[in-house]
Q: 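The following block contains the structure, expressed as structure tokens.
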Amino acid sequence: MPKMIVSIDGVVIKEVQLTKDRTTLGRRPYNDIVIDNLAVSGEHAVLQMTGSDVYLEDLNSTNGSYVNGKAVKKQLLQNNDTVEIGKYKIKYVNEAPGANFEKTMIFKAGAGGLAAAASAGRIDATGADLSGVNAAIKVLSGAAAGREVPLVKVVTTIGKPGVAVAAITKRPHGFVVAHVEGGNKPTLNGAAIGAEPVTLKNGDMLELAGTQMQFVQA
């Protein structure tokens with residue numbers, strides 16, 4: 001199934017499966033792919049799926065849409081094409097996942113609870129295998145209390161889409177967490193987390209979308 005992998009400054013922030021004939025992209029919250037940035041128009045572009053083909057069409061956006069560095073109005077996307085909108089890069093992937101990638105894992109905690117997803121590859125930018133990293137997010141409250149989300153991937157996104165989403169990123173010297181989207185900012189040990197990454201330490205307490213979690217690292 002084709003998908004779009006959204007990143008900024010080399011950090012993956014979301015991954016969206018293309019399951020509909022028409023997938024909208026823009027700054028407004030009713031879009032299928034929401035990018036909350038002033039460089040992105042309210043209704044910026046649309047992805048149209050015809051059979052196995054996916055076309056990107058710019059919706060007369062203010063700053064335009066680019067594919068592999070070239071401004072486009074409408075273009076058929078090829079596997080691994082990079083769509084550029086503002087500072088965001090959106091990679092189009094339309095092939096079976098390889099050995100270094102896993103399907104998204106989602107832990108549903110019921111209405112109003114936590115949905116945690118790990119949505120990036122096991123291999124980091126330096127080619128190092130992260131599968132041996134022994135760190136996790138432990139859910140402490142809500143219907144998913146007791147669940148653990150292993151941090152075995154480069155980026156793990158946690159939260160409730162549309163409410164609050166944070167990204168935990170593996171770096172050479174440890175893990176960092178940053179607020180990705182949503183009006184309700186997550187907190188780390190009681191302090192609000194912004195867009196700037198904050199280093200995580202063993203035992204740190206996170207709260208996101210009303211759910212309490214703990215970062216644990218052996």
Q: Output the distance between atom CG (L77) and atom CG (L18), rounded to the nearest 0.5 Å.
A: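 Reported value, rounded in 0.5 Å steps: 9.0 Å.
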Q: Using modelled atom types and a 3.5 Å cut-off, is there a donor and acceptor pairing between side-chain atoms of S141 and backbone atoms of Q212?
A: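 Confirmed, S141 side chain pairs with Q212 backbone.
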Q: Check for a donor-acceptor pair, side chain of H44 on one end and backbone N or O of G64 on the other, with a separation under 3.5 Å.
A: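 Yes.
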Q: How close do P197 and R171 get, heavy atom to heavy atom, and via which atoms?
A: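 Nearest heavy atoms, P197 then R171: CG-NH2, 3.6 Å.
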Q: Taking only residues two or more places apart in sequence, or in another chain, which ones meet Y66 in a ring pair (Phe, Tyr, Trp, His ring centres under 6.0 Å)?
A: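 Not a single residue meets the ring pair (Phe, Tyr, Trp, His ring centres under 6.0 Å) criterion with Y66.
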Q: Report the C-alpha distance between L151 and I137 in whole Å, list the side-chain angles of each, state the deciding distance to 0.1 Å, and finish with yes or no for side chain to side chain contact (heavy atoms under 4.5 Å, CB included).
A: CA-CA 7 Å; L151 301 177; I137 289 293; 4.1 Å; yes
Q: Roughly how far, to the nearest 0.5 Å, is the OG1 atom of T50 from the OH atom of Y55?
A: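 Nearest 0.5 Å value for the OH-OG1 distance: 6.5 Å.
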Q: Contact between I85 and N63 at the side-chain level, heavy atoms closer than 4.5 Å - yes or no?
A: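 A side-chain contact is absent here, since even the closest heavy-atom pair is not under 4.5 Å.
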Q: Consider only side-chain heavy atoms of I, L, V, M, F, W and Y, link residues closer than 4.5 Å, and tell whether L140 and V216 are in one cluster.
A: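 No, L140 and V216 fall in different hydrophobic clusters.
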Q: Taking it one step at a time, do L76 and V54 satisfy side chain to side chain contact (heavy atoms under 4.5 Å, CB included)?
A: CA-CA 6 Å; L76 173 65; V54 175; 5.8 Å; no
Q: How many angstroms lie between OG1 in T169 and CZ in F175, if you round to the nearest 0.5 Å?
A: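 Interatomic distance, T169 OG1 to F175 CZ, rounded to 0.5 Å: 9.5 Å.
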Q: Which residues pass the side-chain contact (heavy atoms from CB on, under 4.5 Å) test with V16, sequence neighbours left out?
A: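 If we apply the side-chain contact (heavy atoms from CB on, under 4.5 Å) test to V16, skipping adjacent residues, the hits are K14, I33.
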Q: Out of L47, D32, V46, which residue meets the side-chain contact (heavy atoms from CB on, under 4.5 Å) rule with R22?
A: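 Among L47, D32, V46, the one meeting side-chain contact (heavy atoms from CB on, under 4.5 Å) with R22 is V46.
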Q: Between L56 and A45, what is the shortest heavy-atom contact and its length?
A: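 That would be CD1-CB, 3.9 Å.
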Q: Is it true that I8 and L25 fall in one hydrophobic cluster, defined by side-chain heavy atoms closer than 4.5 Å?
A: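 Yes; tracing contacts between hydrophobic side chains, which count when under 4.5 Å, links both residues.
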Q: Enumerate the side chain to side chain donor-acceptor pair (under 3.5 Å) contacts for residues 195-209, please, sequence neighbours excluded, ordered by first and then second residue.
A: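 Pairs touching residues 195-209 that pass the test: N189-D204.
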Q: With side chains defined as the heavy atoms from C-beta onward, is the minimum distance between V11 and V155 less than 4.5 Å?
A: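 Yes, close enough: below the 4.5 Å cut-off.
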Q: Output side-chain donor-acceptor pairs under 3.5 Å for residues 34-43, partner residues at least two apart or in another chain, one line each.
A:
residue, atom, partner, partner atom, Å
N37, OD1, A39, N, 2.9
S41, OG, T62, N, 3.0
E43, OE2, Y30, OH, 2.8

Q: Determine, stepwise, if the pair V139 / T211 fulfils side chain to side chain contact (heavy atoms under 4.5 Å, CB included).
A: CA-CA 8 Å; V139 184; T211 300; 3.8 Å; yes
Q: To the nearest 0.5 Å, how far apart are CD in Q78 and CG in N80?
A: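 Going from the CD atom of Q78 to the CG atom of N80 covers 10.5 Å.
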Q: Using the rule that Ile, Leu, Val, Met, Phe, Trp and Tyr join whenever any side-chain heavy atoms are under 4.5 Å apart, tell me whether M49 and V83 fall into a single cluster.
A: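 Same hydrophobic cluster.
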Q: Please determine whether residues L206 and V176 belong to a single hydrophobic cluster, defined as Ile, Leu, Val, Met, Phe, Trp and Tyr linked transitively by side-chain heavy-atom distances below 4.5 Å.
A: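 Shared cluster, no.
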Q: Which distance, rounded to the nearest 0.5 Å, do you find between the CD of Q17 and the OG1 of T23?
A: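 Interatomic distance, Q17 CD to T23 OG1, rounded to 0.5 Å: 10.5 Å.
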Q: Mind checking whether I193 and L208 have side chains closer than 4.5 Å, heavy atoms only?
A: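 Not touching, per the 4.5 Å side-chain cut-off.
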Q: Any salt bridge (Lys or Arg N to Asp or Glu O under 4.0 Å) pairs touching residues 47-70, not counting sequence neighbours?
A: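 Qualifying pairs: none.
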Q: Please, which pairs that meet salt bridge (Lys or Arg N to Asp or Glu O under 4.0 Å) have at least one residue in residues 72-90, sequence neighbours excluded?
A: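 Matches after skipping sequence neighbours: E84-K89.
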Q: Identify whether Y88 and M4 are in the same connected component of the hydrophobic contact network (ILVMFWY, side-chain heavy atoms under 4.5 Å).
A: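 Shared cluster, yes.
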Q: What distance separates I168 CD1 from F215 CZ, expressed to the nearest 0.5 Å?
A: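 Here the interatomic distance stands at 7.5 Å.
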